[in-house]
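Sequence lines set the chain letters: A, B, ... in the order given, protein chains first and strands last, and positions in each chain run from 1.
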2 protein chains.
Amino acid sequence: MVDLNISALQSRQAPADREPGAQPEPIWDIIELLFFAYRDFVGDPDDALARFNFGRAHHRVLHFVNRNPGMKVADLLDILKITKQSLGRVLKQLVDQGYIVQKEGANDRRQRLLYATGKGEALAMRLANLQTERISRALAELGPGAHENARQFLIAMINVENRSQAMKLTARSDQKRKSIP
Amino acid sequence: MVDLNISALQSRQAPADREPGAQPEPIWDIIELLFFAYRDFVGDPDDALARFNFGRAHHRVLHFVNRNPGMKVADLLDILKITKQSLGRVLKQLVDQGYIVQKEGANDRRQRLLYATGKGEALAMRLANLQTERISRALAELGPGAHENARQFLIAMINVENRSQAMKLTARSDQKRKSIP
DNA sequence: CAGAATATGTCAATATGGTTGACCTAAATA
DNA sequence: TATTTAGGTCAACCATATTGACATATTCTG
């Protein structure tokens with residue numbers, strides 16, 4: 001049980017008068033709520049993944065491959081911002097266990113284009129459904145416009161130089177269904 | 001450069017007609033934006049921490065101790081949801097290097113109450129200021145009410161059983177300043 | 001008061017997911 | 001032909017987490 005002996009529960013304060021040059025008061029609530037919300041958000045898939053002996057790294061790879069059939073390894077590295085050695089380990093396991101296949105690029109035969117198999121797509125969708133349950137429960141608690149508000153807030157939180165990438169990736173509800181059986 | 005050869009950029013779709021019993025389409029945009037936003041959000045402190053040979057684990061510990069002066073070790077474990085062995089390592093480093101002190105509880109002498117030192121508070125505030133810069137830039141891009149909208153969305157994303165804890169912790173803008181010199 | 005429960009710390013082994021650096025092949029390109 | 005690019009791989013290492021066992025001091029309870 002957590003009881004931190006809180007002296008008062010006043011709400012978010014207006015910007016206080018500060019000495020010139022001093023930092024404004026940190027936005028504690030958003031800082032901490034992001035921590036708690038993200039922890040619970042990734043917690044759902046974690047539990048499911050553990051039963052496959054997979055971890056978060058596998059989830060991220062499978063997710064983006066499922067969402068972007070035929071993507072290049074280099075694209076995945078750029079999205080995940082990890083090294084190819086780090087990707088290599090989890091990607092190899094996903095390929096060996098039949099969740100992802102790699103196909104030689106038609107134009108450029110050096111490329112190993114990535115596709116989720118039927119099995120891979122099934123797992124990716126199962127994990128996405130878990131997270132969607134949480135999100136739709138949350139959005140349903142709030143008023144209309146909550147989805148759009150959340151979307152805009154999250155976009156604004158992304159580094160400017162990463163935004164167009166993120167928006168390109170997420171703006172596609174016309175999801176191609178190209179998993180390999 | 002990421003170019004996934006996107007065929008169309010249509011916006012979020014209305015809930016499509018589905019076969020009965022089928023899952024609704026996953027809420028891809030929020031799922032992915034949370035990943036990108038959180039990655040950049042924790043990226044700012046990561047860079048600063050690296051110069052102290054500290055990592056994210058140190059940040060989390062220092063943050064909550066700074067925000068909750070005199071908290072018990074057990075409270076910290078409950079917030080972070082890690083084991084005491086895992087906490088032990090980073091906490092020891094923070095204590096050894098003078099960022100945190102532990103004081104015997106006045107009522108219960110088994111407790112080791114945690115306080116940030118002046119040095120610890122300075123680092124915690126520096127990291128919080130980095131994250132606050134990002135948040136206020138984001139909120140400023142959006143309309144009025146963005147702070148409250150974001151707050152409510154994030155709260156709604158937290159597990160119901162964790163919400164009261166999160167709200168108690170974050171609702172205190174009346175931050176006690178109790179760091180030990 | 002004796003014994004149980006609690007708060008905290010510690011040792012050891014192990015897993016996951018990340019890093020750097022070096023080096024390799026095959027294919028495309030200048 | 002020479003260089004660059006896409007991708008893979010080996011090896012060492014690091015940070016952060018886990019489980020399980022056990023130790024100490026203190027408080028609580030019958």
Table of protein N/O atoms under 3.5 Å from nucleotides 18-23 of chain D N/O atoms:
unit_1	atom_1	unit_2	atom_2	d
D:dT18	OP2	B:Thr83	N	2.8
D:dT18	OP2	B:Thr83	OG1	2.7
D:dG20	N7	B:Gln85	NE2	3.4
D:dG20	O6	B:Gln85	NE2	2.7

Quiz prompt | B:Arg137/B:Glu141 salt bridge by N-O under 4.0 Å criterion | solution =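 Here B:Glu141 pairs with B:Arg137 in a salt bridge, since their nearest N and O are under 4.0 Å apart.
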In this structure, how many angstroms lie between the [atom2] atom of [N] and the [atom1] atom of [X], rounded?
X: A:Leu77; N: D:dT9; atom1: CG; atom2: P; answer: 14 Å
X: B:Leu91; N: D:dA17; atom1: CG; atom2: P; answer: 13 Å
X: B:Asp47; N: C:dG18; atom1: CG; atom2: C1'; answer: 15 Å
X: B:Arg56; N: C:dG17; atom1: CZ; atom2: P; answer: 14 Å
X: B:Lys92; N: C:dC11; atom1: NZ; atom2: P; answer: 9 Å
X: B:Asn53; N: D:dC13; atom1: CG; atom2: P; answer: 18 Å
X: B:Leu94; N: D:dA15; atom1: CG; atom2: P; answer: 14 Å
X: B:Leu80; N: D:dA15; atom1: CG; atom2: P; answer: 19 Å

I need the [X] [atom1] to [Y] [atom2] distance, nearest 0.5 Å.
X: B:Gln131; Y: A:Ile27; atom1: CD; atom2: CD1; result: 10.5 Å
X: B:Asp44; Y: B:Asn129; atom1: CG; atom2: CG; result: 11.5 Å
X: A:Leu123; Y: A:Phe52; atom1: CG; atom2: CZ; result: 5.0 Å

Exercise. Looking at every strand, decide which applies to B:Gly88 at a 4.0 Å heavy-atom threshold: base, sugar-phosphate, or nothing.
Key: nothing
Any [X] side-chain N or O less than 4.0 Å from OP1/OP2 of [N]:
X: B:Gln102; N: C:dG9; result: yes
X: B:Arg89; N: D:dT16; result: yes
X: A:His58; N: C:dT16; result: no

Strictly under 3.5 Å: I want the nitrogen or oxygen pairs between protein and nucleotides 26-30 of chain D, one per line.
unit_1	atom_1	unit_2	atom_2	d
D:dT26	OP1	B:Arg109	NH2	3.0
D:dT26	O2	B:Arg110	NH1	3.3
D:dT27	OP1	B:Arg109	N	2.9

Quiz item: Side chains of B:Glu148 and B:Gln152: is there a donor and an acceptor less than 3.5 Å apart?
Solution: yes
Quiz item: Has B:Lys81 got more than 12 heavy atoms of other residues, nucleotides or ligands less than 6.0 Å from its NZ?
Solution: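 Yes.
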Practice problem: Taking the six-membered ring for Trp and the single ring otherwise, decide whether the centroids of A:Phe64 and B:Phe35 are under 6.0 Å apart. | Solution: yes
Exercise. Answer yes if the ring centres of B:Phe41 and B:Phe36 are under 6.0 angstrom apart, and no otherwise.
Key: no
Quiz item: Looking at B:Asn162, B:Leu80, B:Ile158, which one forms a side-chain contact (heavy atoms from CB on, under 4.5 Å) with A:Arg39?
Solution: B:Asn162
